[in-house]
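Here is how names work: the chains are called A, B, and so on, in the same order as the sequence lines, proteins then strands, and each is numbered from 1.
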Amino acid sequence: MGDEIRRNMALFPIGIVMKLTDLTARQIRYYEQHELIMPARTSGNQRLFSFNDVERLLEIKSLIEKGVNIAGIKQVLSPVNKESDDATVLNEHTEVKRRELTDKQLHKMLKQQLLGGNRRGQVSLIQGELSRFFNP
DNA sequence: CTTCTAACA
DNA sequence: TGTTAGTA
């Protein structure tokens, strides 16, 4: 997968990302504080977002709109890897560590249910076990 | 002019 | 989250 370096290449400042995601700078920085994203920084401490960062923000936005809180999003979205996600280490081709199989599959299922529109016959998970991840 | 951090009428 | 202050 060679396109990964391009997807993880930090390119745009927060202003562009705001327009691309319809999120406020406040929200974007807030999500970074909670480690939902880890954009690179310029020498002047300016944030530089990669394509992956933008896509991740869109997923976060989608989840927020569905009423999922930060804690819940952390469970659904795969944890950010500073190595593979940060553009400052693009030269070091690091591998994304695989998480436990069963956990990974569960996360994928939850992500599909939360991001994709709920399809018939699969609301039990969200209404049951996952209720604690949603806002009151 | 754009972005950053910190803080709160 | 919004928003503002004071910088860089």
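Across every non-hydrogen atom of A:Y31 and A:I64, the tightest pair is OH-CG1, 3.7 Å. Contact record, A:V68 with A:I73: CG1-N, 3.6 Å, taken as the closest heavy-atom pair. Scanning both residues, A:P39 and A:I37, for their nearest heavy atoms gives CD-C, 3.6 Å. When all heavy atoms are compared, the tightest approach of A:L11 to A:L48 is O-CD2, 4.0 Å. Here the closest non-hydrogen pair linking A:I28 and A:M18 is CD1-CG, 3.9 Å.
With hydrogens and angles disregarded, no donor-acceptor distance shorter than 3.5 Å links the side chain of A:Q33 to the backbone of A:R29. With hydrogens and angles disregarded, a donor-acceptor distance shorter than 3.5 Å links the side chain of A:S50 to the backbone of A:R7.
Within residues 17-29 of chain A, the residues approaching DNA chain C are A:T24, A:R26, A:Q27, by heavy-atom distance under 4.0 Å.
First and last contacting nucleotides of DNA chain B toward chain A (any atom under 4.0 angstrom from a heavy atom, 5' to 3' order): B:dT3 to B:dA7.
Ionic pairing of A:D3 and A:R6 is present here: one or more N-O contacts between side-chain nitrogen and carboxylate oxygen are shorter than 4.0 angstrom.
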*Can you give the dot-bracket line for DNA chain B, using ( ) for pairs inside the strand, [ ] for pairs that cross earlier ones, | for pairs with another strand and . for unpaired bases, where Watson-Crick and G-U count if both distances are under 3.5 Å?*
.|.|||||.
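When side chains are defined from C-beta on, A:Q27 does not count as touching A:K61, because their heavy atoms never get closer than 4.5 Å. A:Q46 has its side chain out of reach of A:R41: every pair of non-hydrogen atoms, C-beta onward, lies at least 4.5 Å apart.
Taking atom CG on A:N69 and atom P on C:dT1, their separation rounds to 11 Å, with Å as the unit.
Residue order along DNA chain B, read from the 5' end via each residue's closest nucleotide, puts A:G15 first among A:Q33 and A:G15.
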